[in-house]
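Computed from heavy atoms alone, side chains included, the values below leave out hydrogens, waters and symmetry copies. Chain naming here is simple, since letters A, B, ... match the order of the sequence lines and numbering starts at 1 in each.
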Number of protein chains: 2
Amino acid sequence: MSCPPIPDESLGFLLTDATRAIRRRFEQRATELGLSSAQWRVLVHLLRRGPLSQARLAEFLEIEPISVSRLVDRMQEAGWVEREPDPNDRRVKRVVAKCKAHAAFENARQIADDLYEQALAGLPPGALETLTDALRRIIINLSDSPEAQNDR
Amino acid sequence: MSCPPIPDESLGFLLTDATRAIRRRFEQRATELGLSSAQWRVLVHLLRRGPLSQARLAEFLEIEPISVSRLVDRMQEAGWVEREPDPNDRRVKRVVAKCKAHAAFENARQIADDLYEQALAGLPPGALETLTDALRRIIINLSDSPEAQNDR
DNA sequence: TTGATTTAGTAAGCAGGCTTATAATATCTC
DNA sequence: GAGATATTATAAGCCTGCTTACTAAATCAA
């Protein structure tokens with residue numbers, strides 16, 4: 001019975017579990033805000049960068065445009081954002097954050113910050129930076145665009 | 001404009017992106033096997049531990065029993081597993097891996113191993129262990145059961 | 001200018017998570 | 001034993017991803 005690497009503690013499984021745990025906790029605490037973690041992510045980009053086309057949003061979020069389309073549908077219904085036409089290109093719809101989004105921002109950010117603090121409790125100082133460096137590297141190494149890929 | 005922590009590079013977002021990247025790549029390469037990453041995970045547990053009830057499987061996978069139920073539906077349809085009654089408890093259905101699963105195991109494991117190597121390229125030696133330690137810590141810190149929680 | 005190609009957004013339909021609710025069976029308590 | 005409580009699996013219906021396929025508009029090329 002040679003089973004050298006124990007796969008159920010592998011990188012992929014641990015990443016999956018950690019991500020799910022963070023998402024679950026965030027949504028538990030943001031229930032009263034009515035904000036899911038995917039929607040929170042959209043708001044962060046919109047509030048940082050201003051109105052964006054759905055295509056740009058898809059790039060920033062690293063998801064497919066169709067996924068953005070339906071995410072924005074629900075966020076528009078919930079009153080977080082609006083779609084407005086682009087004066088220069090009749091194909092594009094600019095997604096604009098509404099007042100409600102600005103109002104909720106600090107609140108949600110606090111939830112996220114507290115969550116990260118809880119998540120990292122007991123780890124040595126500097127662990128956060130090591131961790132985020134590694135994650136950034138993994139994302140680049142597995143991205144489709146071959147920019148800055150390390151080997152082969 | 002005080003925006004100290006740049007949230008779109010936050011831990012949660014990076015984890016989400018890295019996890020999605022790994023899942024995508026795995027499924028691209030495992031297409032010919034017809035195995036999704038969630039299904040691969042089920043097989044790992046079944047082949048390591050033998051037949052399991054759906055409830056136990058849910059615990060190991062850290063997902064809800066209803067999610068297991070539908071996952072197993074699809075895996076049964078695809079011929080990876082079978083449900084069999086438990087002789088000692090008529091409520092439980094034991095999930096058993098079929099030959100097809102054993103046959104595909106090494107193949108899928110190789111895909112996963114190659115993927116991790118690619119993901120970690122360019123990181124210092126020891127990064128994998130630091131990373132998995134941190135992820136395990138995060139998972140424990142955010143789990144519902146208060147066992148081994150660090151503070152508060 | 002016309003015709004081909006590219007880009008932006010969306011519909012349909014699937015996988016994999018979730019919450020809430022239900023039925024059947026075990027188990028615990030009195 | 002009988003009744004209350006737990007546990008096991010599942011149904012219904014939602015959210016967020018995906019692939020594939022389509023329309024409308026912009027852009028490139030001849």
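- The separation between L71(B) atom CG and dG16(C) atom P is 6 Å, rounded to whole Å.
- Counted by atom type alone, Q110(B) and D114(B) present one or more donor-acceptor pairs between their side chains at under 3.5 Å.
- As judged by a 4.0 angstrom heavy-atom cut-off over every strand, R70(A) is placed among the base-contacting residues.
- Between D133(B) and R136(B), at least one side-chain N (NZ, or NE/NH1/NH2) sits under 4.0 Å from a carboxylate O, which counts as a salt bridge.
- I63(B) comes within 4.0 angstrom of sugar-phosphate atoms only, judged by non-hydrogen atoms across all strands, and of no base.
- At whole-Å resolution of the value, CD in E84(B) and P in dT8(D) are 17 Å apart.
- The base-pairing partner of dT29(C), taking Watson-Crick or G-U wobble contacts with both distances under 3.5 Å, is dA2(D).
- Taking atom CG of residue D89(B) and atom P of nucleotide dC28(C), one finds them 12 Å apart after rounding to whole Å.
- At whole-Å resolution of the value, CZ in R94(A) and P in dA25(D) are 19 Å apart.
- Remark: of the listed residues L46(A), V44(A), L52(A), V44(A) is the sole one forming a side-chain contact (heavy atoms from CB on, under 4.5 Å) with R48(A).
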Mind running side-chain contact (heavy atoms from CB on, under 4.5 Å) on V68(A) and I63(A) for me, showing each step along the way?
-> CA-CA 7 Å; V68(A) 173; I63(A) 62 180; 3.8 Å; yes
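- In this structure, R23(A) reaches neither bases nor backbone, as no heavy-atom distance under 4.0 Å exists between it and the strands shown.
- In the set dG17(C), dT10(D), dT16(D), the nucleotide with an atom closest to the side chain of R20(A) is dG17(C).
- Whole-Å rounding puts the N88(B) CG to dT27(C) P distance at 9 Å.
- For D86(B) and dT27(C), the CG to P distance is 11 Å, given to the nearest whole Å.
- Counting non-hydrogen atoms under 4.0 angstrom, S36(B) reaches the backbone sugars and phosphates but no base.
- Proximity note for S67(B) (side chain, C-beta onward) versus dA15(C), dA25(D), dC18(C): the nearest is dC18(C).
- Set against dA8(C), dA25(D), dC18(C), the side chain of E64(B) has dC18(C) as its closest nucleotide.
- The CZ atom of R91(A) sits 12 Å away from the C1' atom of dT5(C) (whole-angstrom rounding).
- One atom, CD1 of I66(A), and another, C1' of dC15(D), lie 14 Å apart when rounded to the nearest Å.
- Side-chain nitrogen and oxygen atoms of Q54(A) include at least one within less than 4.0 Å of the OP1 or OP2 phosphate oxygen of dT10(C).
- As judged by a 4.0 angstrom heavy-atom cut-off over every strand, R24(B) is placed among residues touching the sugar-phosphate backbone only.
- With a 4.5 Å cut-off on side-chain heavy atoms, T16(A) and R41(B) count as touching.
- Among the protein residues, E27(B) comes within range of no part of the nucleic acid, since none of its heavy atoms lies under 4.0 Å from any strand.
- With a glycosidic angle further than 90° from 0, dA21(D) counts as anti.
- Inspection of the Q39(A) and R74(A) side chains reveals no N or O donor paired with an N or O acceptor under 3.5 Å.
- R83(A) comes within 4.0 angstrom of sugar-phosphate atoms only, judged by non-hydrogen atoms across all strands, and of no base.
- Backbone-only engagement by Q39(B) is indicated by non-hydrogen atom pairs under 4.0 Å involving sugar-phosphate atoms exclusively.
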